[in-house]
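Counting starts at 1 for both ligands and their atoms, following the listed order. Both backbone and side-chain heavy atoms feed into the values below; hydrogens, waters and symmetry mates do not.
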Amino acid sequence: MPESVLITGGAGFIGRHLSAELLRRGYHVRVLDSLIEQVHGNGKGGHTGGAEALPPEVEFQAGDVRDGDAVARALRGIDRVVHLAAEVGVGQSMYAVERYVSVNDCGTAVLFQQLIEAPVKRVVVASSMSIYGEGLYRTADGGTAEEVVRRLRRPGEPWDPLDAQGQPMRPIPTPETKRPALASVYALTKYMQERLTLTLAPAYGMEGVALRLWNAYGPGQALSNPYTGVLAIFAARLLNGQPPMIFEDGEQRRDFVHVEDVAQAFALALEHPAAAGQVYNVGSGEDRTVREVAQLLARAMGREAIEPEVTGQARLGDIRHCIADIGKIRRELGYAPRRDFAEGLAELAAWVAEQQAIDRVAEARRELEARGLVA
Ligand SMILES: NC(=O)c1ccc[n+]([C@@H]2O[C@H](COP(=O)([O-])OP(=O)(O)OC[C@H]3O[C@@H](n4cnc5c(N)ncnc54)[C@H](O)[C@@H]3O)[C@@H](O)[C@H]2O)c1
C-alpha cells in the first residue's frame, strides 16, 4: 500500500507542484483546501482556478483548516502531513491582523488538536524567511551583525542599514542559527506555526520539520493576488502593459527559488530520516536585487520597453535584505536546486502569456497608504 500524504492548502501555488512531485514518488495525495477567493478567484477569471487545476489523481476535500471536523475527516488514513494552508501577504498581514492570526495560528492549532487524536509519522510545515527580519550583515570592519533592526528612514538617508560607525553594511547568507526578529504579523504567525509543529509533534510521537522558504516563483502562482509573489505581481503588471511597481530603490536583495525546487525540498523533508525535528532554509543559493528581476522578467516577456516604476516608498514590516544560506539542507538532506533562473523566467513568461490577470496592484497600494503602512 502506498503511503498517504495530506497537504493542507494543497490547491495553492506550491501545493499543486508538490502534489505532482509526491504522486511521482508513489504517494497517495489528499488535499484539504478552502479555496480562498484572493488566490482562487470567484470564477470570473484572472485567478488560478480551483481544485480542477490539481493533477486528477489527487483526492480533493474542500474545507477550512480551522474546522476540526473537516481536519479530522482529512486525516483519516493519513501517514504524513504537509501544512501549507495560510494567508501569505506580509503587507496585508499588518492590517488584516485577525484574519492572519486566525488562519495561520488557530488553523495550525486546530490541525494539531486533531493530530493528537490521530497522530501521523511526520508533519512538515511551511515557514518563511520573513521570520529572520533583516538577514545577517557584514560590517565595514569585517565583523558580522546579527541584530540589525530597521529604523524609519528620513528622506535622503541611505536605504541600507549602517553599522555603529555609520558605515553601510553588506548582506551575507543567513543560516538557520540566526535568531528570529519578527517584524510583521505574517512573520509572527509563521514563527508560531513553526514552534507549534516542533513542540507538539514530538510530544505525541510524531516528527516535526519546518522549512523556511525564500521567494518561490514559477507557473501557477496567483497573478491577480497583489499581496504576494513578487514575480507574479510584476508579471501581472507587465501583461497589462503596466510597469512593475518596486518599493524602496529596488536594490533590496532576495533569493528567488523555482517552485519545483521548493517541491523537491518538501519531498526530502517529508522522507529523509535526518530531517526529524529540524528547520531548514530553502532557496536557490543565488541572490538578486528586486530591480534586476523586474528587468529580466520584462525582457523574458518581450516587454523590455516597460521600465519599472521605483516608488521610493517602504512598506512597514518589510525587510531590506535577506539572502539564504542553504548549506544545511544541502548537507543533511541532499537538496540540490536544479532550475536555472533565466530558464525559469522564460518558462514563467510562456505561462503568463496564456493567462489573464486582473491588475490589483494600485488597489493594494492604496490599502497600505490609507493606513499609513508605507512611508
Ligand atoms: N510562495 C512563497 O514564496 C512562500 C514563501 C514563504 C512561505 N510560503 C508558505 O508556503 C505556503 C504555501 O504558499 P503558496 O505560495 O502556495 O500560497 P497560496 O496562497 O498559493 O496557497 C495557499 C493555499 O491555502 C489555502 N487556504 C488559505 N486559507 C485556508 C484555510 N483557512 N483553510 C484551508 N485552506 C486555506 C488557499 O486557498 C490556497 O490554496 C504558505 O504557508 C506560505 O506562507 C510561501
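The minimum heavy-atom distance linking Ile246 with Val290 is given by the pair CG2-CG1, 4.1 Å. Listed here is the closest heavy atom pair of Thr197 and Pro202: O-CD, 4.0 Å.
Side-chain contacts under 4.5 Å among hydrophobic residues (ILVMFWY), followed directly or transitively, place Val103 with no other residue at all.
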Check residues 329-338 and write down every donor-acceptor pair under 3.5 Å in which the side-chain atom is one partner and the other belongs to a residue at least two apart or another chain.
from: Arg331; atom 1: NH1; to: Gly327; atom 2: O; distance (Å): 3.3
from: Glu332; atom 1: OE1; to: Tyr280; atom 2: OH; distance (Å): 2.8
from: Tyr335; atom 1: OH; to: Gly283; atom 2: O; distance (Å): 2.7

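Contact shell of ligand 1 (protein heavy atoms, cutoff 4.0 Å): Gly9, Ala11, Gly12, Phe13, Ile14, Asp33, Ser34, Leu35, Ile36, Val39, His40, Gly63, Asp64, Val65, Arg66, Leu84, Ala85, Ala86, Val88, Val103, Ala126, Ser127, Ser128, Tyr186, Lys190, Leu213, Trp214, Asn215, Ala216.
Under a cutoff of 6.0 Å and an axis angle of 45°, Arg254 and Trp214 do not form a cation-pi pair.
For His272, there are no ring pair (Phe, Tyr, Trp, His ring centres under 6.0 Å) partners two or more places apart in sequence or in a different chain.
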